[in-house]
> 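Structure provided below as structure tokens; questions to follow.
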Amino acid sequence: MAETQSVTDGVLDILEDVLEIPRADLQAHPTLRDHENWDSMGALEILSQVESRYGVQLDLREFNSAKTVDELAAAVSAGMK
């Protein structure tokens with residue numbers, strides 16, 4: 001559980017930085033594509049930073065299927081195993 005929370009916190013850090021959206025807003029509205037700053041370039045930057053930070057390689061389809069912060073963090077956690 002602690003590892004999952006740590007990954008979620010890290011993913012939130014990346015999302016906050018790339019999307020320029022406060023963490024509280026990301027947590028209150030966790031559906032990624034609902035945020036006005038979400039676009040294809042931002043998504044690729046998020047993917048790149050997540051893969052670099054956690055040393056994982058996510059399948060692009062898997063990344064795109066993650067609709068929420070928690071789903072993205074779960075995909076990262078699964079890739080770390």
> Is there a side-chain contact between L15 and I21 in this structure, where contact means two heavy atoms from C-beta onward sitting under 4.5 Å apart?
no
> Is there a path of hydrophobic side-chain contacts, each under 4.5 Å between heavy atoms of I, L, V, M, F, W or Y residues, that connects L44 with V69?
no
> Tabulate below the donor-acceptor pairs under 3.5 Å that side-chain atoms of residues 47-60 make, not counting sequence neighbours, or state none.
residue, atom, partner, partner atom, Å
Q49, NE2, E45, OE2, 2.7
E51, OE2, L58, N, 2.9
R53, NH1, G10, O, 3.4
D59, OD2, R61, N, 2.9
D59, OD2, E62, N, 3.2

> Mind checking the CG-OG1 spacing from L26 to T68? Nearest 0.5 Å is all I need.
11.5 Å
> Closest heavy-atom contact between V18 and G42?
CG1-O, 3.7 Å
> Only one of V7, D9, T8 passes side-chain contact (heavy atoms from CB on, under 4.5 Å) with V11; say which it is.
V7
> Among pairs that include at least one residue of residues 22-38, which meet side-chain hydrogen bond (donor to acceptor under 3.5 Å, both in side chains), considering only residues two or more places apart or in two chains?
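Listed once each, the pairs are D13-R23.
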> Could you check if a side-chain atom of L72 sits within less than 4.5 angstrom of a side-chain atom of I46, using non-hydrogen atoms only?
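SC-SC contact between L72 and I46 confirmed.
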